[in-house]
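Report on the structure given below.
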There are 2 protein chains.
Amino acid sequence: MLIEIDFNSNEALYIQLRNQIILGIAKDMLRDGDSLPSVRQMANELGVNMHTVNKAYALLRQDGYVKLDRRNGAVISVSMENKSHHVENIHSNMEMIVAQAVCKNITLEEMQKLVEDMYDTFSSARPQIDIIVEEKE
Amino acid sequence: MLIEIDFNSNEALYIQLRNQIILGIAKDMLRDGDSLPSVRQMANELGVNMHTVNKAYALLRQDGYVKLDRRNGAVISVSMENKSHHVENIHSNMEMIVAQAVCKNITLEEMQKLVEDMYDTFSSARPQIDIIVEEKE
DNA sequence: CTTCTGTTATAGCATAGATATAACAGAAGA
DNA sequence: TCTTCTGTTATATCTATGCTATAACAGAAG
């Protein structure tokens, strides 16, 4: 998987790396069990310092996206615990976006479509747990 | 309108102030034509430096939320220009949120409801252009 | 003429981001 | 056992950002 870092971005390098990996998981380019390059190897590939990568990995572990151990390095392992915590997090992050949309007269329908399209983009290649829909009789 | 600043937050003070004002507009607590306290007065009220407030005001002007001039201070004036630019901005901001939601198995329906509820919260007190709903016969 | 406004300039201080170098403990393989 | 890899921790240095402080300027209002 290709990870691109923009050194001219105002976003911190370790945040960019973390985001790229989360996007990779969402797009199913990184799956449970996949190994990420070691902190030193990834740092060498990206041309950044080891500690910058370590910071990103530590953040990913903290948020339940990878598990780290000394033998296997960083392994993708998305935790489904603390879902309510994540919903809260998403809620607060979403608040400013929706507030801006309301101010700028962007309709709810436009926002809904934006979310739906983006959802499709991510989940189109992902294995769905609930493809089978039970119909009420 | 009450503006609260958290000095212990890791979010920059001028960003907090900017966000609070955008939220105020979204909640219709600040309306077109309303004047904001001058940079010095606002700084005094919040207990922050004048330049911190000036930074927030300059940012709000840049994003089309207020107009600044020497006689009237900062006046709420939401610009509807550059809508495509704002949609792009919202799109990129939303991408990481939706990516996280997909990773954490938060369904599209849950996200849609989140957006809808939040939209209602903001727009409930706002003047609606399309309150009248035509019913099909 | 005084007082308010936004605006700009300069300086100092603290924190965060990124780098560099180094070392440690644990696990794997020769 | 020895080497090599892993994540982890500890310092130190440099730069950029955030915040404050003090000061000054131009324009508008009373």
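Note: hydrogens, waters and symmetry copies are ignored here, and every other heavy atom, side chains too, is used. Throughout, protein chains are lettered first and strands after them, A, B, ... in sequence-line order, and every chain is numbered starting at 1.
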Spacing between [X] atom [atom1] and [N] atom [atom2], to the nearest angstrom:
X       : N      : atom1 : atom2 : answer
B:Lys67 : C:dG6  : NZ    : C1'   : 16 Å
A:Arg40 : D:dT8  : CZ    : P     : 11 Å
B:Leu59 : D:dT17 : CG    : P     : 14 Å
A:Met50 : D:dA10 : CE    : P     : 13 Å
B:Asn8  : D:dC19 : CG    : P     : 13 Å
B:Gln16 : D:dG18 : CD    : P     : 13 Å
B:Asn54 : D:dT20 : CG    : P     : 13 Å
A:Glu11 : D:dT17 : CD    : C1'   : 15 Å

Is there a side-chain polar atom (N or O) of A:Lys55 under 4.0 Å from OP1 or OP2 of C:dG17?
yes

Under 4.0 angstrom between A:Tyr14 side-chain N/O and C:dG17 OP1 or OP2
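For A:Tyr14, the contact criterion (side-chain N or O under 4.0 Å from OP1 or OP2 of C:dG17) is met.
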
Report the residue (B:Asn49 or A:Gly73) whose heavy-atom-nearest nucleotide on DNA chain D is the more 5′ of the two.
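This one resolves to A:Gly73.
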
Of all the choices, [options], which nucleotide is nearest to the side chain of [X] once you look at every atom?
X       : options                : answer
B:Thr52 : D:dC19, C:dA18, C:dT7  : D:dC19
A:Leu13 : D:dA24, D:dT20, C:dT19 : C:dT19
A:Ala12 : C:dA18, D:dG7, C:dT7   : C:dA18

Does the structure show a Watson-Crick or G-U wobble partner for [N], both distances under 3.5 Å? Name it, or say none.
N      : value
C:dG12 : D:dC19
D:dC2  : C:dG29
C:dT2  : D:dA29

Taking atom CD of B:Gln16 and atom OG1 of B:Thr52, what is their separation to the nearest 0.5 Å?
11.0 Å

Using modelled atom types only, decide if a donor and an acceptor are shared between the side chain of A:Lys104 and the backbone of A:Ala99 within a distance under 3.5 Å.
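A pair under 3.5 Å: no.
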
Is the base of C:dT10 touched by the side chain of B:His51 through a donor-acceptor pair closer than 3.5 angstrom?
no

Is there a donor N/O on one and an acceptor N/O on the other, under 3.5 Å, for the side chain of B:Arg61 and the base of C:dT7?
no

Other residues, nucleotides and ligands only: do more than 12 of their heavy atoms fall within 6.0 Å of NZ on B:Lys83?
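Enclosed: over 12 neighbouring heavy atoms sit under 6.0 Å from NZ of B:Lys83.
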
A:Val48 or B:Pro37, whichever maps to the more 5' nucleotide of DNA chain C:
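It is B:Pro37, whose closest nucleotide lies nearer the 5' terminus.
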
Step by step, would you call B:Ile21 with B:Tyr57 a side chain to side chain contact (heavy atoms under 4.5 Å, CB included)?
CA-CA 10 Å; B:Ile21 292 173; B:Tyr57 280 16; 4.1 Å; yes

Where do A:Asn89 and B:Gln100 land on the side chain to side chain contact (heavy atoms under 4.5 Å, CB included) test, with the steps shown first?
CA-CA 10 Å; A:Asn89 196 30; B:Gln100 286 173 273; 4.3 Å; yes

